[in-house]
Amino acid sequence: MKSIVAVCMCLLSMGMHAQEISGLLRNEKNGAIEGAYILNNRSKAHTHSDQEGAFLLSNTIAGDTLLIGAMGFEKGTFIIDEKARSGNQVYRLTEAPFQLSEVIIRPKADALQVLADVNLETSPVKSAQDLLQKVPGLIIGQHAGGGKAEQLFLRGFDIDHGTDIAIQVDGMPVNMVSHAHGQGYADLHFLIPETVQKINFGKGPYTAAQGNFATAGHVDFQTKDLPDNSRIQFEYGDFNFRRSLGLFNLIDSPRNKMYMASELVQSDGPFESPQNFSRLNLFAKYTAHLNDTDILKGSVSHFTSNWDASGQIPQRAVDQGLITRFGAIDATEGGTTSRTNLNLAYRKKLDDKTYFKSNTYLSKYDFTLHSNFTFFLEDPENGDQILQKEARTLFGLQTQVHQNHVWGSQRLHLEMGAGFRNDAIDNNELSNTINRTNRLSTIQLGDVRENNLFSYLNADFTSGDWTISPALRLDYFSFGYTDLLAPTYSNETVEKTRLSPKLNFLFQPTNDLQFFLKSGIGFHANDSRVSVARNAETVLPKAYGMDIGTLYKPTANLFVTAAAWYLFLEQEFVYVGDAGIVEPSGASERFGFDFGLRYQANKWLFFDTDFTYSHARSKGADVGSSYIPLAPDFTLAGGLGVQNLGKLSGGIRYRFLDDRPANESNTIIANGYALFDLNLNYQWTKSISLGFNIENIFDVAWNETQFATTSRLQDEVAPVEEIHFTPGTPFFIKGQLRYTF
C-alpha cells in the first residue's frame with residue numbers, strides 16, 4: 001500500500017513541477033497538421049500532434065529548441081520563449097515535396113493509417129470510388145458504372161455495399177441502415193475526389209469511436225479546408241466518357257476560408273445498351289478560425305445520379321452466343337438516386353489540456369433501382385424485374401472531449417464521446433415491375449424508424465516505450481417498422497443495447513519501429529425488419545477480433561507493415577433486399593495475414609505493394625459446405641509512382657483478386673483477375689497541365705462483380721444455378737486538360 005501511495009505522490013509531484021507547453025501546428029493556409037513529430041532538442045522529450053494539429057510537450061524551459069517534422073513539410077526549428085510557454089502558440093510549417101523519410105510512426109492504435117497518407121501522396125485518384133482503394137487491402141467492384149454503391153472486399157469479407165465496414169465523410173456516416181437494396185449500403189459518390197485531404201482508416205473492431213458496421217474496418221474521409229488553388233478540368237475518353245470539374249477558392253484569409261466545387265460525369269460504358277450514366281456533384285465548405293484555437297466548419301453538398309444498366313448476365317448466355325459479354329438479358333434495368341448533406345463542425349479549446357469537438361449533420365436521400373437477377377424464374381410471362389425504392393431523412397450529432405496529461409515520461413490521452421443517429425425512412429418498397437414503368441405487385445412496403453444512441457471512453461496511457469489503450473463503448477438501438485401492406489395498422493418496435501470493450505497494446509522502442517496487439521468486440525446491426533421479425537434476438541451479433549503485428553522502417557526510405565489477425569462473428573442475419581426475406585447465415589470465422597511495403601528509390605520514384613491472405617469459413621456447417629460465398633482469400637495491389645520528375649508525373653498501378661468460392665460448397669467459382677492501369681501527366685506551363693489515363697492496359701476480359709445465382713431464360717424449361725456477372729471495363733483511355741489559377 002505504501003508503494004502505491006509513493007508512486008501516486010511521485011506522479012503528482014511530477015505533474016506539479018512539469019514545465020509544459022501547448023501549441024498548434026498549422027500549414028501556410030492555416031490548416032491543421034496531424035501526426036507531426038515534435039522533439040525538444042535539450043531534454044529529448046517528444047510528442048505528436050493530434051487530428052487538430054494540437055500538442056502538449058513536457059520538460060521545457062525558455063530557450064529550448066523544438067525540432068518539428070511532418071510528412072509533406074519542411075522540417076522546422078523553433079526557439080521556446082516565454083510567449084510559447086504561456087500556451088496557444090502557433091507553429092507554421094512550409095509544404096515541401098513528399099519524402100518517405102519524413103513519415104513518422106505514431107504511438108497510437110491507428111498508426112497504420114499513415115499508409116493511406118502515403119498512397120494519396122504517391123498515386124493519383126481517378127474517382128470517388130478509387131478513394132476507397134487507397135485503403136490497403138480494400139478491393140472494390142462496380143455493379144452499374146458508378147450508379148450503385150460499390151461492392152467491397154476486405155479481410156475475407158464480401159462486404160456487399162457496406163455491411164461490415166463503417167464509412168464516414170467529415171464525421172457524417174455514409175452507410176445507410178435498413179436500406180432498400182441492402183444493409184449498410186454506402187454510396188460514396190457524393191464525394192468529389194479533389195476535395196479530399198486525408199483518409200483515416202482502421203481494420204478490425206478496435207476503435208471505440210466506431211460502432212455499427214465497424215467489424216472488418218472503418219474509413220473516415222476528411223475534406224480540405226481550402227484547396228491549394230482553383231482549377232477547371234476537363235476529361236474525355238472512350239465509351240463517350242466525359243468529366244468536367246470546377247474548383248473555386250472564394251475566400252482565403254488567415255481567419256476565413258471558403259471554396260466551392262462542382263463535378264459532372266457522363267458515360268455510356270462499354271455496353272451494347274448504353275448506360276446513359278450522368279452524375280452531378282456540388283460541394284461548398286466554409287471554415288472560420290474564431291481565434292488561434294477555436295474553429296467552426298460548415299459544408300453543404302448535393303449529388304444526383306441516373307443510369308441505365310445491362311445488369312448481371314448469366315455465363316451460359318454468353319457461352320451459347322445468345323449475347324456478348326457486354327450484352328443484356330433485360331436492358332431496362334437502371335435507377336436514380338440523390339443525396340443532399342448539411343454538416344456543421346465546431347472545435348473549441350477549453351484549456352491547455354482539453355479541447356471539445358462536435359459535429360451535427362442532416363441528409364435527405366432518395367433511391368430508386370430497377371433490377372432483374374433471375375430473368376424469368378418467378379414469372380415466365382412478364383419476367384422478374386423488381387423495384388427497390390426509399391426516401392430517407394438522416395439526422396445525427398456526435399461530440400468528443402479530448403484531454404492530455406503529462407507527468408515526465410508518462411502521458412495520458414482521454415477521449416470521451418457521445419452522440420445519436422436517427423433514420424426516418426418512408427415508403428421502403430420492394431415491388432415487381434415490368435419495363436421500369438408498370439408495377440405488377442408490391443411485395444413489401446413500409447416505414448422504418450431507427451435510432452442509435454451511443455457513448456464511449458478511450459484512454460491512451462504511455463509510459464516509456466509502452467502504450468496501453470483500454471476503451472469501452474455503449475450503444476442503444478431502437479428498431480421500428482410499420483408495415484403499410486398490413487390489413488390493420490401495426491407499428492412494431494424493439495430495443496437492444498450492446499457493450500463493446502477494446503484493449504490495445506503498443507510497444508515502440510524507436511520512432512521507426514512499433515509492435516502492436518489489438519483486441520476488441522464490435523457488432524453489425526441488422527435491418528430493422530429483421531429486428532422486429534425476430535424480436536431483437538441476435539440482431540446485434542458480436543464480432544470478436546484480434547490483431548498482432550508491426551510497423552517498421554528499417555531505412556529512411558523503406559516502410560514495412562505486417563499483421564496476423566482473427567475475427568469471429570457469433571451470428572450473421574442478413575436482410576436480402578432483392579427478395580424481401582431474412583436469411584440467417586450462422587456464425588463465421590476468419591483469420592489471415594496482411595503485409596505492406598512502401599519504398600522510395602530516389603526523390604521521384606516510389607514503389608508500394610499490399611498483400612493479403614484470408615481464410616473464411618462458416619461455423620457449424622459440414623466441411624464441404626462451410627465456404628463463405630465470394631470471400632476473397634488472396635489479394636495483391638500496388639504500383640510504381642513518379643512524382644516531380646521535371647514536368648512529368650505518373651505511374652502504373654496493379655491489382656489482383658484470386659479465384660474464390662461463389663457458393664457454400666465451392667462447386668461454383670468466381671474467377672479472379674489481374675489488372676494494370678497507367679497514368680501520365682505533363683505540366684505544360686505553370687497553369688496548364690495535360691494528362692491521360694489508361695485502365696486495363698492489357699485489355700483483359702474480366703468480371704468485375706460475380707454471383708452464383710439461380711435463373712431461367714425465357715426459352716428454358718428448367719432453372720440453372722451458375723455464375724452471373726457484370727463485365728469489367730476493357731481497354732479504356734481518357735485524356736485530361738487542367739487549368740489552375
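Just so you know, residue 1 is the first one in the sequence shown, and it goes up from there.
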Check: T393/K364 side-chain N/O donor and acceptor closer than 3.5 Å = yes
Give the C-alpha distance, both sets of side-chain angles, the deciding distance and a yes or no for ring pair (Phe, Tyr, Trp, His ring centres under 6.0 Å) between H524 and F213.
-> CA-CA 5 Å; H524 159 183; F213 304 120; 5.6 Å; yes
Using a strict cut-off of less than 4.0 Å between a Lys/Arg side-chain nitrogen and an Asp/Glu carboxylate oxygen, indicate whether R155 and D594 qualify as a salt bridge.
-> yes
CA sep, side-chain torsions, deciding dist, call: E429, R439, salt bridge (charged side-chain N to carboxylate O under 4.0 Å, His left out) = CA-CA 11 Å; E429 178 182 358; R439 281 181 176 83; 2.6 Å; yes
Assess whether side chain to side chain donor-acceptor pair (under 3.5 Å) is satisfied between S301 and N341, documenting all intermediate values.
-> CA-CA 5 Å; S301 63; N341 306 303; 3.0 Å; yes
Taking every non-hydrogen atom, the tightest pair across I167 and A186 | CD1-CB, 3.9 Å
Charged N to carboxylate O under 4.0 angstrom, D677 versus R655?
-> yes
Any side-chain donor-acceptor pair under 3.5 Å between R316 and S711?
-> yes
Is it true that R242 and E235 have a side-chain N and a carboxylate O under 4.0 angstrom from each other?
-> no
Establish, from distance only, whether the side-chain atoms of N432 and S441 form a donor-acceptor pair under 3.5 Å.
-> yes
Would you say the side chain of D447 lies within less than 4.5 Å of the side chain of N427, judging by non-hydrogen atoms?
-> yes
Residue among F593, Y613, F611 satisfying ring pair (Phe, Tyr, Trp, His ring centres under 6.0 Å) with F634 | F611
Hey, does L191 have a side-chain heavy atom less than 4.5 Å from the side chain of V196?
-> yes
Indicate whether any N or O donor in one side chain lies under 3.5 Å from an N or O acceptor in the other, for T609 and Y654.
-> yes
Check: N175 and N212 side chains under 4.5 Å, non-hydrogen atoms = no
Thinking salt bridges, do D238 and K734 make one under a 4.0 Å N-O criterion?
-> no
Would you kindly say whether E263 and H189 are connected by a side-chain donor-acceptor distance under 3.5 Å?
-> no
What distance separates F376 CZ from Q385 CD, expressed to the nearest 0.5 Å?
-> 10.0 Å
Do the rings of F239 and F732 sit parallel, tilted or perpendicular, given the 30° and 60° boundaries?
-> tilted
Taking atom types as modelled, find out whether S305 and T337 have a side-chain donor-acceptor pair closer than 3.5 angstrom.
-> no
Polar contact flag, side-chain donor to acceptor under 3.5 angstrom, S178-S528 | yes
Using only heavy-atom distances, determine whether the side chains of D308 and N276 contain a donor-acceptor pair under 3.5 Å.
-> yes
Looking at L369, T368, I443, which hits side chain to side chain contact (heavy atoms under 4.5 Å, CB included) with L387?
-> T368
Residues, nucleotides or ligands: over 12 heavy atoms within 6.0 Å of E381 CD | no
Between E664 and R617, is there a side-chain N and carboxylate O pair less than 4.0 Å apart?
-> no
Start with the C-alpha gap between Q151 and D158, add the side-chain angles, then the distance that decides, and say whether side chain to side chain donor-acceptor pair (under 3.5 Å) holds.
-> CA-CA 8 Å; Q151 184 181 10; D158 166 23; 3.0 Å; yes
Any side-chain donor-acceptor pair under 3.5 Å between N428 and R392?
-> no
When you check the side-chain N and O atoms of T612 and T635, is any donor under 3.5 Å from an acceptor?
-> yes
Quiz: residues 695-705 side-chain donor-acceptor pairs under 3.5 angstrom, not counting sequence neighbours:
{"from": "N696", "atom 1": "OD1", "to": "D699", "atom 2": "N", "distance (Å)": "3.3"}
{"from": "N696", "atom 1": "OD1", "to": "V700", "atom 2": "N", "distance (Å)": "2.8"}
{"from": "N696", "atom 1": "ND2", "to": "V700", "atom 2": "O", "distance (Å)": "2.9"}
{"from": "N696", "atom 1": "ND2", "to": "T729", "atom 2": "O", "distance (Å)": "3.0"}
{"from": "D699", "atom 1": "OD1", "to": "F731", "atom 2": "N", "distance (Å)": "3.0"}
{"from": "W702", "atom 1": "NE1", "to": "T729", "atom 2": "O", "distance (Å)": "3.0"}
{"from": "N703", "atom 1": "OD1", "to": "R325", "atom 2": "NH1", "distance (Å)": "3.0"}
{"from": "N703", "atom 1": "ND2", "to": "Q706", "atom 2": "OE1", "distance (Å)": "3.4"}
{"from": "E704", "atom 1": "OE2", "to": "Q142", "atom 2": "N", "distance (Å)": "3.0"}
{"from": "T705", "atom 1": "OG1", "to": "T726", "atom 2": "OG1", "distance (Å)": "3.1"}

Exercise: do S614 and D633 side chains pair donor with acceptor under 3.5 Å = no
Give the C-alpha distance, both sets of side-chain angles, the deciding distance and a yes or no for ring pair (Phe, Tyr, Trp, His ring centres under 6.0 Å) between H179 and F367.
-> CA-CA 9 Å; H179 190 271; F367 176 84; 4.6 Å; yes
Candidate list I434, I329, D384, test side chain to side chain contact (heavy atoms under 4.5 Å, CB included), partner N372, passing option | D384
Could you verify whether a donor N or O on one side chain and an acceptor N or O on the other, from Q388 and H181, lie under 3.5 Å apart?
-> yes
Just wondering, do I628 and S588 contact through their side chains at under 4.5 Å, heavy atoms?
-> yes
Does a side chain donor of either S310 or E333 reach within less than 3.5 Å of an acceptor in the other side chain?
-> no
Give every donor-acceptor pair under 3.5 Å between a side-chain atom in residues 666-674 and any protein atom, sequence neighbours left out.
{"from": "T667", "atom 1": "OG1", "to": "N663", "atom 2": "ND2", "distance (Å)": "2.8"}
{"from": "T667", "atom 1": "OG1", "to": "S665", "atom 2": "OG", "distance (Å)": "2.9"}

If you draw the axis of the six-membered ring of F157, does the NZ or CZ of R590 fall within 45° of it and under 6.0 Å from the ring centre?
-> yes
